[in-house]
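Note that this is a predicted model, so its numbers are computed, not measured. Along the sequence shown, the residues carry numbers beginning at 1.
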Amino acid sequence: MYLEQIQNVNDIKNIDPKAYEELAQEIRDFLIRKVSVTGGHLGSNLGAVELTMALHLALRLPEDKIIWDVGHQSYTHKILTGRKDGFDGLRQFRGMSGFPKRKESICDAFDTGHSSTSISAGLGLVKARDIQGLDQTIVSVIGDGAMTGGMAYEALNNAGKLETNFIIIVNDNNMSISENVGGVSKYLNNIRTADSYLDLKRGIYEALRGTPRGNNMVSGIRRVKSSFKQLVIPGMLFEDMGITYLGPVDGHNIQALVRVIQEARRVNGAVMIHAITQKGKGYAPAERHPARFHGADPFDVETGLPTRPHTTPNYTDVFSTVMCKLGGRDEKVVAITAAMPDGTGLKRFRNMYPERFFDVGIAEEHAVTFAAGLAAGGMKPVVAVYSSFLQRAYDQILHDVCIQNLPVVFALDRAGLVGSDGETHQGIFDLSYLTSIPNMNVCAPKNKWELADMLKYAVVFGGPIAIRYPRGEAYDGLKEYREPIVCGRAEWIYRERDIALFAVGSMVKTAERVREKLKAEGMQVSLVNARFVKPIDEEAVREACREHRLIVTLEENVSAGGYGEKV
C-alpha cells in the first residue's frame, strides 16, 4: 500500500508518479472507513484528494503555506503531513480536530472553521512574507460556496493590487463559474505564465513608459488585450480586478494541477486557479447525496445509511414543523438562511412556500440587513442561523435591526456546546453578545413544546427577538408545565426552600437531575425556568432571594455577560 509510505510531510514526493492514482484511491478508502466510524465532513474531503496531493507535490511544506477556507476539506492534508494515526480520534475529546489547527501541526498555517476568511488571511501572510524578505509560496484554497461570502471579495479587491506572488485556488464543485471556452483559454494560460511572455510584457511596458506618450500607448495596449480576453477567458471578473485567472482545470488531474500551480508561482501578483472537482468523488452515496455527507454522522459503508439514525425529533425538526405551520397561517412570514436550508430545518418551508424562502449564500451580514429590509417593508422575517455563525453579523443586528426596533426573529440553532466541531463552532457567546444590544430580546425554551410556543410568540412580538436552542434531541419532559409566554417572565416549575436553581433553556433538563440528587440528600430545592435572558425576570430573582439561602444559575454560555452575571 502506498499510503503506508506516507508517515511525514513531503513523503508523497517519494511516491512514483505512476502510483498517484492508486494513492488517491487508497486515501479515499481510508477516509470513508474512518469517517464512517467517527463521523465528519466526508463529501468535501473526497472531492479535494487530488487537489491536496498536487499542492503537496508542487509546494515545499512547511516553508510554503496553505490556508484552507472553512477547513472542513483538510483531511487529506492531515494524512499527507503525518497525522494518519490521529483519525481514530477524529473530532473526539482530546483527539484530532476536523479543522486545521496551528497547535496540531507546523503545516497548518491558519486556524479556520468559518467561511470566506482564507483570502484575507492569505493576503496577510503574503505581506508578512514580503516585509520579512522570506522565500515562501502562499496559497489560499477556497470553495465556490465560500465565494458567496462578501469577505472573500473584500480580500480580492485588495489582492488585485499585489505586485508579488499570491495563489488563490477556487475549488469549484458546483460549476458556479463559467466553463472553459475551447482550446484558446488553455493556450493563453500557458503563454501568459511562460517566462518569455512575462519578460516580454514587462520589457515592452517599461520601454514605453520612458517615451513621450508612452503611458497612453500602454493603456491602449491593455484595452485591446482586455477586449480580446473578454471573448476567450472565463475569469474576466477577476482579471478586471487585477488578478490573473488560470483555468478551469480538472481538479482530479494531479499532473495538470501540479503544472498549473508551478505556472502560478511565476506570476508577480495575485493569481487565481479555477479547479473543477466533484464533491463526494469516489463514493457513490456521497456523490448522490452531497448535502447528507457534508457533515456525516457515523454510517454503514456499504449502504451509506446512518448507523445511529435519530428516531425522536430534534430541536431543528420542531422548528421546521412550526415554521411550516406559521407559513400556512400568515402570508407575511418569510424565512431566511445563509446557505443552510438543510442544517437549519428550512428545506420543508422552502418546498411549501418557495416565494417566501430566501437562501442568501454564506453571507450572514447580508442575511440580517436583508431581513431588516423585509421587516421595514411589513413582512415577518425569521432568520435561521447557527449561533456561532451569527457572530459575524453583530454590527448588522445592532445597526440595522435593533436601533430601528424592527420585528426580526432570530432562530439560533446549535446554541450552547456542540461538541465535535470544536471551539470555532461552539455557540457559547450568543447570550453575551445579543443581550448587550438595546431593544434585543432573548429567550430559550426548556423543551420542544416551549420552542413551538416561543416561535409562535416571536412572529407577532413586534420587535427584535432571538430564540436560542441546542443541537440534538428535543427534550420532551415537563410537558405539563406550559404557562403562556410573557416577555421577561420566568416560569416557576418547583417551589420549595433552601436552594433555587435558575436554568436557561437546555439546562432545565440538567437542573431537574441536579434537583433530584439534592432532594436525595434531604435538601429543599426550587427550580425556575428562566425563559428570558433579556429582559431578565427581576421579580423572580428577588423573590428567590427572600425565600432561599442559595441561588445557582445554569447556562451554556461564557460567564462574562451571561445569565448568571445578570442574576
Engineer: When you measure from the side chain of Asn45 to the backbone of His72, do you find a donor-acceptor pair of N or O atoms at a distance under 3.5 Å?
Structural biologist: yes

Engineer: Taking the basic N atoms (NZ, or NE/NH1/NH2) and the acidic carboxylate oxygens, is any pair closer than 4.0 Å for Asp88 and Lys34?
Structural biologist: yes

Engineer: Is any side-chain N of the basic residue among Glu104 and Arg83 closer than 4.0 Å to the acidic one's carboxylate O?
Structural biologist: yes

Engineer: Kindly assign one of parallel, tilted or perpendicular to the pair His77 and Trp68, based on the angle between their ring planes and the thresholds 30° and 60°.
Structural biologist: tilted

Engineer: Any donor and acceptor pair, going by atom type alone, linking the side chain of Tyr283 with main-chain N or O of Val301 inside 3.5 Å?
Structural biologist: yes

Engineer: Any idea which heavy atoms bring Gly343 and Thr316 closest together, and the distance?
Structural biologist: O-CG2, 3.5 Å

Engineer: Regarding Asn557 and Ser432, is there a side-chain donor-to-acceptor distance under 3.5 Å anywhere?
Structural biologist: yes

Engineer: If every non-hydrogen atom of Gln255 is compared with every non-hydrogen atom of Pro17, which pair is closest and at what distance?
Structural biologist: NE2-CB, 3.8 Å

Engineer: Can Asp300 and Thr303 be counted as having a side-chain donor-acceptor contact under 3.5 angstrom?
Structural biologist: yes

Engineer: So, for His252 and Leu257, which heavy atoms are closest and what is the spacing to 0.1 Å?
Structural biologist: N-CD1, 4.4 Å

Engineer: Output yes when Lys347 and Asp342 qualify as a salt bridge under the 4.0 Å nitrogen-oxygen rule, no when they do not.
Structural biologist: yes

Engineer: Donor-acceptor check, side chain of Arg28 to backbone of Leu46, threshold 3.5 angstrom: yes or no?
Structural biologist: yes

Engineer: Describe, in one word, how the ring planes of Tyr245 and Phe238 are oriented to each other, choosing from parallel (under 30°), tilted (30 to 60°) and perpendicular (over 60°).
Structural biologist: parallel

Engineer: Can we say Asp413 and Arg471 salt-bridge, meaning some charged N sits less than 4.0 Å from an Asp/Glu carboxylate O?
Structural biologist: no

Engineer: Does either side chain, that of Asp29 or that of Gln25, offer a donor lying less than 3.5 Å from an acceptor on the other one?
Structural biologist: yes

Engineer: Applying ring pair (Phe, Tyr, Trp, His ring centres under 6.0 Å), can you list everything that pairs with Phe370, at least two apart in sequence or on another chain?
Structural biologist: Phe358, His366

Engineer: Take atom CG of Leu134 as the centre, draw a 6.0 Å sphere, and report whether it contains more than 12 heavy atoms from other residues, nucleotides or ligands.
Structural biologist: yes

Engineer: Would you compute the distance between atom CG of Asp359 and atom OG1 of Thr148 and round it to the nearest 0.5 angstrom?
Structural biologist: 8.0 Å

Engineer: For Glu302, does the CD atom sit with more than 12 other heavy atoms under 6.0 Å from it, leaving out its own atoms?
Structural biologist: no

Engineer: CD1 of Ile467 to CG of Leu412: how many Å apart, nearest 0.5 Å?
Structural biologist: 9.5 Å

Engineer: Taking Arg60 first and then Asp135, would you say they form a salt bridge - that is, a charged N and a carboxylate O separated by under 4.0 Å?
Structural biologist: yes

Engineer: Any donor and acceptor pair, going by atom type alone, linking the side chain of Ser120 with main-chain N or O of Ala155 inside 3.5 Å?
Structural biologist: no

Engineer: Is the closest basic N to carboxylate O distance between Glu556 and Arg468 below 4.0 Å?
Structural biologist: no

Engineer: May I ask you to check whether Tyr2 and Tyr20 place their ring centers less than 6.0 Å from one another?
Structural biologist: no

Engineer: Hydrogens and angles aside, do Asn173 and Thr277 bring a side-chain donor and acceptor to less than 3.5 Å of each other?
Structural biologist: no

Engineer: For side-chain hydrogen bond (donor to acceptor under 3.5 Å, both in side chains), just list the numbers for Glu473 and Thr312, CA-CA rounded to whole Å, side-chain angles, deciding distance to a tenth of an Å, and then say yes or no.
Structural biologist: CA-CA 7 Å; Glu473 183 178 315; Thr312 56; 3.2 Å; yes

Engineer: Any carboxylate oxygen within less than 4.0 angstrom of a Lys/Arg side-chain nitrogen, looking at Lys279 and Glu287?
Structural biologist: no

Engineer: Can the ring centres of Phe99 and His425 be said to be less than 6.0 Å apart?
Structural biologist: yes

Engineer: If we ignore angles and hydrogens, is there a donor and acceptor under 3.5 Å between the side chains of His56 and Asn10?
Structural biologist: no

Engineer: How long is the gap from OG on Ser118 to CG on Leu125, to the nearest 0.5 Å?
Structural biologist: 11.0 Å

Engineer: Would you say the rings of Phe299 and Phe293 are close, in the sense that their centroids are separated by under 6.0 Å?
Structural biologist: yes

